[in-house]
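Heads up, the thing below is written out as structure tokens.
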Amino acid sequence: MVLSEALIEGITFVFSWPAIGFVLLGTIIGLTFGALPGLGGTVAIALLIPVTFEFDGRIAMMLLAASLGGVAFGGSVSAILINTPGTGPNAATIFDGYPMAQQGRANEALGISATASALGSMFGLVILIVAIPFVREIILAFGPPEFFWLAVLGLTVIALTAQGSFLKGLASGGFGLMLSFIGFSGLFSTTRYDLGLDYLFDGVPLIPALIGLFAVSEIIKLTAEGGTIADTESSERTGSVLTGVKYVFTHPRIFVQSAATGTLIGMIPGSGGTVATFLSYMQAVQTSNDPEKFGTGEPAGVIASEAANDAKDGGALLPTVVFGIPGSAAMAVLLGGFIFHGFSPGRDLLDRNLHVLFSLIFALGLSNIFTSVIGISLAEQLSKLTRIPVKIITPAVLVIALVGSYSLSFIWGDVVLAVVLGIVGYFMMVFDYSRVAVVIAIVLGPIMERAFTQSLQISSGDYLVFVTNPISLVLVVLTILSISLPIVRARAKGGSA
Amino acid sequence: MTNDDAVTARSDSEGEAGRPYDYVRRLFTADSDRFDLLFTASLFVFMGYFIAASFDLRPEARLVPLVIAVPTFLIFALVLLLLVSERASAMATEFSDTHLFGTGQDDLPGGETEDVDDETDRERELFERRKQTAISLTVVFSLLVLVYLIGFLATIPIFLIAIYRLHAKQSWPVTVGTTLLVWWFVVIVFYGLLGVRLWEGVLEVDVVQYLPF
């Protein structure tokens with residue numbers, strides 16, 4: 001598909017009815033989930049996917065992307081007003097956002113957050129749009145051997161960069177890959193590892209697995225922790241929103257620096273938004289003329305955190321849509337949504353369904369604008385959500401999660417699977433295994449095996465096909481580096497200690 | 001009967017009565033490494049199953065799975081070794097002061113006990129948190145069993161009213177209001193808008209016939 005045509009069609013579609021309505025709906029859902037600490041974008045998307053199963057694929061993806069756009073600012077509202085970050089990446093916002101609120105500048109902080117979030121998101125998405133023509137050319141040069149190595153590299157990087165220990169990260173990836181091999185394989189016309197259960201003939205279904213690993217496990221954790229989401233009294237919303245908006249525009253250096261950091265970190269698979277915001281915050285402190293002001297209500301601190309937080313989504317989308325390697329847990333679930341609605345990352349999204357990709361990108365951008373407008377107007381109401389005791393929210397979310405997992409295929413086994421993987425996911429969280437690595441492996445496993453088999457078919461069984469192409473060689477070297485670097489670094493540290 | 005005899009008799013009877021409770025207490029305050037060990041061992045066995053089952057497959061169908069399963073099995077074995085053997089764990093620590101070979105478990109909720117100095121307080125806190133985890137898991141299982149028996153639409157009000165009243169200790173207005181809200185959300189979105197025929201349970205409780213649409 002021609003790039004300019006896809007771009008125009010994408011933007012026209014987003015502003016048409018009912019598409020724009022779904023973007024607004026997704027924004028409100030994202031804002032709500034973002035403001036509720038503990039839930040966040042991953043749970044929101046995991047729960048939304050089953051609801052979209054009868055939707056047009058493009059509308060569904062826009063709804064999911066819009067909900068993702070609402071989460072980041074939603075999380076900053078509770079961070080600024082009640083000193084409780086709605087999502088992990090918003091944690092850096094509380095350093096200066098909450099002190100500003102305590103000083104009676106809550107509206108100013110919200111104005112900064114809203115503006116930095118919207119502009120940061122635009123920054124990340126512009127970088128993504130500019131990069132698409134280049135990566136499109138690269139991806140079209142990929143054949144089965146390159147895709148095989150890409151999948152291997154993606155899994156390795158995610159296993160190593162995911163939170164938790166090195167060994168457990170790798171083991172989680174291996175565990176997820178094996179789950180992906182369960183069921184009937186069209187490649188070999190045989191059923192594998194089905195434990196003698198008819199239910200597993202079609203393999204481990206992705207969406208119930210996502211609901212289990214991300215939504216049910218979070219609910220178990222929240223129920224076990226109990227209490228109310230926020231204990232701190234909400235700060236009075238005083239000060240001027242406009243002052244905050246102006247502040248961002250009069251400090252372009254800090255904004256560009258933070259948004260660039262967020263976009264760049266977002267592109268690194270598995271690095272996550274928390275790394276992006278904290279790194280951006282530290283960078284802002286280091287480059288400031290008044291570093292001692294940070295932590296006491298310095299507006300630049302809010303810009304640094306929020307611009308990076310929203311810019312990272314654009315960056316994280318790049319490896320997700322190009323290589324099928326998500327940059328974060330939320331992107332992993334979004335990738336599940338892509339696959340569920342019949343869109344494959346790589347050639348499919350960058351060529352045949354490029355208009356869908358642009359619709360998604362513009363939906364994400366538009367949702368950030370909606371988010372900022374709605375968020376500033378309704379910040380107080382959103383912060384009230386966090387006063388609802390966890391014990392009220394979790395049973396309701398649990399019920400909806402199980403109904404959602406059933407409603408995709410009307411199979412009782414999907415509900416059981418969601419619960420089983422929810423419990424497994426909970427213990428993975430507790431014992432430092434990586435749930436993200438499991439999900440990515442479930443997604444990448446079949447791609448990897450198909451690429452491997454196709455490569456051997458092309459080469460009539462000659463394994464050299466995997467190392468003859470320069471792109472393959474580069475990917476092999478990167479894979480070896482990604483595995484060996486942590487070991488070398490650890491040895492060096494051990495040696496110097 | 002002397003006073004000492006009376007005390008001894010009372011202690012014995014308390015001991016008899018307290019045995020199951022002591023078992024639960026020991027279980028709930030056990031070292032978190034043991035739980036990690038149990039969980040990792042389960043994954044290890046599961047991976048063993050994959051390897052064993054691979055040999056029933058044709059060579060081309062088992063090639064990639066085996067290439068993945070064998071190293072993963074070995075990694076799980078290494079994690080188990082680090083959990084079981086203090087010596088191996090010490091060697092790993094000596095090799096690296098990073099998180100590279102660390103098993104890195106936090107704990108079942110209750111691991112963050114560094115602020116609690118007193119051993120008894122720490123044990124009590126650990127017990128309380130693990131009790132909450134057990135309750136949380138029971139809640140999820142109860143919902144699953146109820147849905148299996150009587151289906152979604154009949155389960156939702158029963159489950160939510162029970163949880164909100166007994167576990168969350170909410171007032172009747174909050175309980176009934178929230179339950180109705182969730183129930184109607186499921187009915188309208190899933191049954192009404194998406195046309196999902198929700199599971200009616202093995203007892204086939206047909207709530208749908210009472211719906212006005």
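The chains referred to below are lettered A, B, ... by the order of the sequence lines, with proteins before strands, and numbering in each begins at 1.
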Begin with the C-alpha distance, continue with both residues' side-chain angles, and end with the deciding distance and a verdict on side-chain contact (heavy atoms from CB on, under 4.5 Å) for V399(A) and W183(B). CA-CA 9 Å; V399(A) 164; W183(B) 196 79; over 6 Å; no
Tell me the closest heavy-atom pair linking [X] and [Y], and the distance in Å.
X	Y	value
V182(B)	A396(A)	CG2-CB, 3.5 Å
K391(A)	H167(B)	NZ-O, 3.7 Å
Y164(B)	I392(A)	OH-O, 2.6 Å
F452(A)	V64(B)	CD2-CG2, 3.3 Å
S54(B)	Y193(A)	OG-OH, 2.7 Å
P65(B)	E449(A)	CD-OE2, 3.7 Å

Can you find a pair of side-chain heavy atoms, one from [X] and one from [Y], that are under 4.5 Å apart?
X	Y	result
L402(A)	W199(B)	no
L398(A)	F159(B)	yes
D36(B)	K168(A)	yes
E60(B)	F188(A)	yes
Y433(A)	L43(B)	yes
T223(A)	V140(B)	no
S136(B)	K221(A)	no

Give, as side chain, backbone, both or neither, the part of [X] having an atom under 4.5 angstrom from any heavy atom of chain A.
X	value
I156(B)	side chain
T40(B)	both
L57(B)	side chain
V147(B)	both
L74(B)	neither

For chain A, which candidate among [options] shows the most heavy-atom pairs at distances under 4.5 Å?
options	result
I163(B), V189(B), T178(B), L137(B)	L137(B)
F46(B), Y49(B), F73(B)	Y49(B)
V67(B), L181(B), L144(B), L63(B)	L144(B)

Under the side-chain contact (heavy atoms from CB on, under 4.5 Å) rule, what do V415(A) and F152(B) come out as? Steps first, then yes or no, please. CA-CA 11 Å; V415(A) 183; F152(B) 281 109; 4.0 Å; yes
Given a strict heavy-atom distance threshold of 4.5 Å, which part of [X] is in contact with chain B: side chain, backbone, both, or neither?
X	answer
F175(A)	both
T453(A)	neither
T190(A)	side chain
M448(A)	side chain
L195(A)	both

Within a radius of less than 6.0 Å around OH of Y148(B), do more than 12 heavy atoms belonging to other residues, nucleotides or ligands occur?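 Not buried by this count: 12 neighbours or fewer within 6.0 Å.
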For the side chain of R192(A) and the backbone of A61(B), is there at least one donor-acceptor N/O pair under 3.5 Å apart?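 Here the side-chain-to-backbone pair exists.
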Aromatic plane relationship, F39(B) with F427(A) - under 30° parallel, 30 to 60° tilted, over 60° perpendicular: tilted
When rounded to the nearest 0.5 angstrom, what distance separates CD1 in I400(A) from CZ in F190(B)?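 The distance works out to 7.0 Å.
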